[in-house]
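Heads up, the thing below is written out as structure tokens.
Chain letters run A, B, ... following the sequence lines, proteins first and then strands; every chain starts at 1.
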2 protein chains.
Amino acid sequence: MTIAARPSEDPTDVSTQYIRDAIRDAIVDRRLAPGTKLSEADVGRLFNVSRTLVRGALQALSYEGLVNVEKNRGAFVAYPSPEEARQIFATRRLIEPGILREAAKNMGPSHFQHLRQLLMEEGRLMGERGQTARRAEIKASGDFHLMLASMTGNAVMQRFMDELVARSSLVIALYGQSAISSCGHQEHQDIVTSMERGDLDRACHLMLHHIDHIEKDLDMRENKGSDLKEAFRL
Amino acid sequence: MTIAARPSEDPTDVSTQYIRDAIRDAIVDRRLAPGTKLSEADVGRLFNVSRTLVRGALQALSYEGLVNVEKNRGAFVAYPSPEEARQIFATRRLIEPGILREAAKNMGPSHFQHLRQLLMEEGRLMGERGQTARRAEIKASGDFHLMLASMTGNAVMQRFMDELVARSSLVIALYGQSAISSCGHQEHQDIVTSMERGDLDRACHLMLHHIDHIEKDLDMRENKGSDLKEAFRL
DNA sequence: GATGATCAAATTGTATACGATCTTGTGATC
DNA sequence: GATCACAAGATCGTATACAATTTGATCATC
């Protein structure tokens, strides 16, 4: 198990929150494969912390849908079924156009500048090679959607999107075909451009297509027997 | 503190889940006032359970937004600010029309029958008098929205709605003016009728108005200083 | 009498201990 | 040799113990 503690962080003063974030990052960054067992004792040793804190972190992650806790068996990095994946994307299609409209109400030039800046970074990462750059790119791609959510000023929507984006990352990690996802960069730009022009209808339309594209790039045919999967991955 | 254990339940074999549900019910049913402190030891004594399990339950409720846990101070029944309330309803306006459309895809005659049955019950409770009937009515009103969510077959949406409905109950408990909310019964019926006719646009339209009505019936002028409120209620 | 410091009580934060459950490996039996 | 029973080990579930923090009261001081 390789849950890298953030550099320049003292491994003491570690709290539940810290562990939760570290594991979540590791999952979303695909450093922890779906199905991986997260033993309470092991994780505790990693962070020099008792099982009590680890349990808290795992419970929280379970609530976010990133981890499954099975009674008397332990916690595992979630292994979303194709059906779950469909539900996640269906929910995103339902929510994200609304987020766009809601965000647009509050957005001024500075907000657009922030978005553009994120897109620049995203584009830069696309050019680079290597696993690290790839992870950063995927993360940046999710951050785009999260930034839009944060611009609604609505904490509830923001939390929902947090969960949806994190779980989407897992799904993409599982069923993603290739680096095709990177073509999403252009779509992100188009969405921002439409918003800047005030053409919200088009922005929503593009957003829906964007989500469709992400979902279409998945290959979700495999192993329907949902529990067998874990055995193989483990 | 009066968190009634469900009748005919043995107070032994109580798990985190059970405690969580009991507290959630008590909050949503308004038997626990917003701001009430939920001391770990007290709750534990109530359920004959150690603080460990209580903490788990409180943490989960905190994630749902029904409880606020303040570091080193304890857990309190949430006291949503007017701003939070607005965000909750804004999110509902964003999500519920989509849920309607999503549910409509899967609904057959039996589903409509279930809905009608729920509405009958709701109507019956409206006629009755007393606090108990009132609570049951409010609960039934929320159940209508939850049942629609369940008919989407989408677990993610369902969970989001669970949270939104529960938090709405809290908000109504806090800022609700009178029993005007009961006029929502007719609106529920109209929504179902429109759906049955296949007029989804109208159903969505009615749903939006319905949510607006609920929000309009709130009086959220009071105490803006968000933290002071707790002090007074406590 | 009001204000501020200090100490005791209460409550939460975290670790550890112990019992319950599951997993797994061994060996007896067919 | 395959199958089943059983026991040892590992892991989780819950309770308890102790440390850290906050709260509230008492008392000294201005």
Q: Round to a whole Å and report the spacing from CG of A:Leu38 to C1' of D:dT11.
A: 14 Å

Q) Which whole-number value in Å describes the distance from A:Arg45 CZ to D:dA10 P? A) 11 Å

Q: Mark yes or no for a side-chain to base donor-acceptor pair under 3.5 Å between A:Arg51 and D:dG13, with no hydrogen or angle criteria applied.
A: yes

Q: Could you tell me how the ring of A:Phe144 sits relative to the ring of A:His188: parallel (under 30°), tilted (30 to 60°) or perpendicular (over 60°)?
A: parallel

Q) Between A:Thr91 and B:Asn154, does any side-chain donor sit less than 3.5 Å from a side-chain acceptor? A) yes

Q: Consider the side chain of A:Lys71, meaning its heavy atoms from C-beta on, and name the nucleotide among D:dG13, D:dT16, C:dG13 that approaches it most closely.
A: D:dG13

**Q.** Spacing between B:Glu40 atom CD and D:dT22 atom P, to the nearest angstrom
**A.** 15 Å

Q) Starting at CG of A:Leu58 and ending at P of D:dT11, how long is that distance when rounded to a whole Å? A) 14 Å

Q. Any side-chain N or O of B:Arg73 under 4.0 Å from OP1/OP2 of D:dT23?
A. yes

Q: Return the 5'-most residue of the pair A:Ser50, A:Asn72 with respect to DNA chain C, ranking by each residue's nearest nucleotide.
A: A:Ser50

Q. Are A:Arg159 and B:Glu163 close enough for a salt bridge, meaning some N to O gap below 4.0 Å?
A. yes

Q: Grab the CD-P distance between B:Gln17 and D:dG13 for me, whole Å please.
A: 13 Å

**Q.** Side-chain donor or acceptor of B:His145 paired with backbone N/O of B:Gly142 under 3.5 Å
**A.** no

**Q.** Nearest-Å distance for atom pair CD/P, residues A:Glu70 and C:dT23
**A.** 9 Å

Q) Between A:Ser62 and A:Leu58, is there a donor-acceptor pair closer than 3.5 Å when you use the side chain of the first and the backbone of the second? A) no

**Q.** Euclidean distance, atom CG of residue A:Leu53 to atom C1' of C:dT16 [Å, nearest integer]
**A.** 12 Å

Q: Establish, with yes or no, whether the OP1 or OP2 oxygen of C:dT12 is under 4.0 angstrom from a side-chain nitrogen or oxygen of B:Lys37.
A: yes

Q: Specify the separation, in whole Å, of atom CD of A:Gln59 and atom P of D:dG13.
A: 10 Å

Q: Considering just the side-chain nitrogens and oxygens of B:Arg55, establish if one lies under 4.0 Å of OP1 or OP2 belonging to C:dG13.
A: yes

